[in-house]
Amino acid sequence: MKRIEAERLENLIPFTHSTKVAEAKAAEEEAKHQATAQAQIDHLVHNFSVNAGPGRIDHSKSDSGRAALRGIKIHRNGKYDAVLTLRVLQQAHMSDDVPSIIRAAEKAKQGIVDAVNAKPDRGPIR
């Protein structure tokens with residue numbers, strides 16, 4: 001009787017092969033989006049420069065700006081999210097000095113946090 005009852009309970013659990021396949025496909029698509037966003041982040045940071053005058057580049061400001069941009073990382077659910085980080089960097093890279101880059105990044109991050117918090121189905125952003 002115990003064996004029959006255990007088998008009956010085991011058979012009540014629905015077969016979820018299709019949901020597992022869909023979850024795997026969604027995870028694969030998300031990984032592609034993350035990789036594409038990370039490539040765009042790398043390109044954006046690499047091409048950041050500050051002008052020192054007509055036809056000249058201020059290399060020290062450019063290097064410190066790149067370092068500040070590399071330091072911006074947005075996390076969702078305890079995991080680095082390259083897509084959200086790219087959104088923030090696209091707004092922050094327009095600034096010329098480190099303090100204004102940080103201010104622009106914080107402002108962009110707050111805008112994204114407000115937008116995500118308006119949709120309760122998403123995870124929290126740090």
For residues 54-65, which residue pairs pass the salt bridge (charged side-chain N to carboxylate O under 4.0 Å, His left out) check, not counting sequence neighbours?
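Output for this query lists Asp63-Arg66.
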
Pairs meeting criterion salt bridge (charged side-chain N to carboxylate O under 4.0 Å, His left out) with involvement of residues 8-22, two or more places apart:
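The answer is Glu5-Arg8.
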
Side-chain cluster (under 4.5 Å, hydrophobic types only) that [X] belongs to, other residues:
X      : result
Ile102 : Val98
Val21  : none
Met94  : none

On a heavy-atom basis, which atom in Ser62 and which in Ile57 lie closest, and how many Å separate them?
OG-CG2, 3.6 Å

Heavy-atom check, side chain of Leu69 versus side chain of Ile101, under 4.5 Å:
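Touching, per the 4.5 Å side-chain cut-off.
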
If I take atom CD from residue Glu23 and atom CD from residue Glu30, how far apart are they, to the nearest 0.5 angstrom?
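Answer for the CD-CD pair, Glu23 versus Glu30, is 14.0 Å.
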
Spacing of Leu89 atom CG and Lys73 atom NZ [to the nearest 0.5 Å]:
8.5 Å

Partner residues of Gln38 under the side chain to side chain contact (heavy atoms under 4.5 Å, CB included) criterion, sequence neighbours left out
Ile41, Asp42, Tyr80, Ala82

Residues in side chain to side chain contact (heavy atoms under 4.5 Å, CB included) contact with Lys25, at least two apart in sequence or another chain
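Lys25 satisfies side chain to side chain contact (heavy atoms under 4.5 Å, CB included) with no other residue.
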
Using salt bridge (Lys or Arg N to Asp or Glu O under 4.0 Å) as the criterion, list what pairs up with Arg3, not counting sequence neighbours.
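Arg3 satisfies salt bridge (Lys or Arg N to Asp or Glu O under 4.0 Å) with Glu7 only.
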
For a side chain to side chain contact (heavy atoms under 4.5 Å, CB included) check, start with the C-alpha distance between Gln40 and His43, then their side-chain angles and the critical distance, and finish with the verdict.
CA-CA 5 Å; Gln40 290 175 347; His43 179 74; 5.6 Å; no

Could I get the full list of side-chain hydrogen bond (donor to acceptor under 3.5 Å, both in side chains) partners for Asn11, not counting sequence neighbours?
none

Among residues at least two apart in sequence or on other chains, which ones pass side-chain hydrogen bond (donor to acceptor under 3.5 Å, both in side chains) with His46?
none

Test item: Thr85 side-chain N/O and Ile74 main-chain N/O as donor-acceptor pair under 3.5 Å:
yes

What pairs meet the side-chain hydrogen bond (donor to acceptor under 3.5 Å, both in side chains) rule with one or both residues in residues 86-99, with sequence neighbours excluded?
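For residues 86-99, and leaving out neighbouring residues, the side-chain hydrogen bond (donor to acceptor under 3.5 Å, both in side chains) pairs sorted by first residue read Asp97-Ser100.
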
Verdict with supporting geometry, Val83 and Gln34, side chain to side chain contact (heavy atoms under 4.5 Å, CB included)
CA-CA 6 Å; Val83 176; Gln34 294 292 327; 3.7 Å; yes

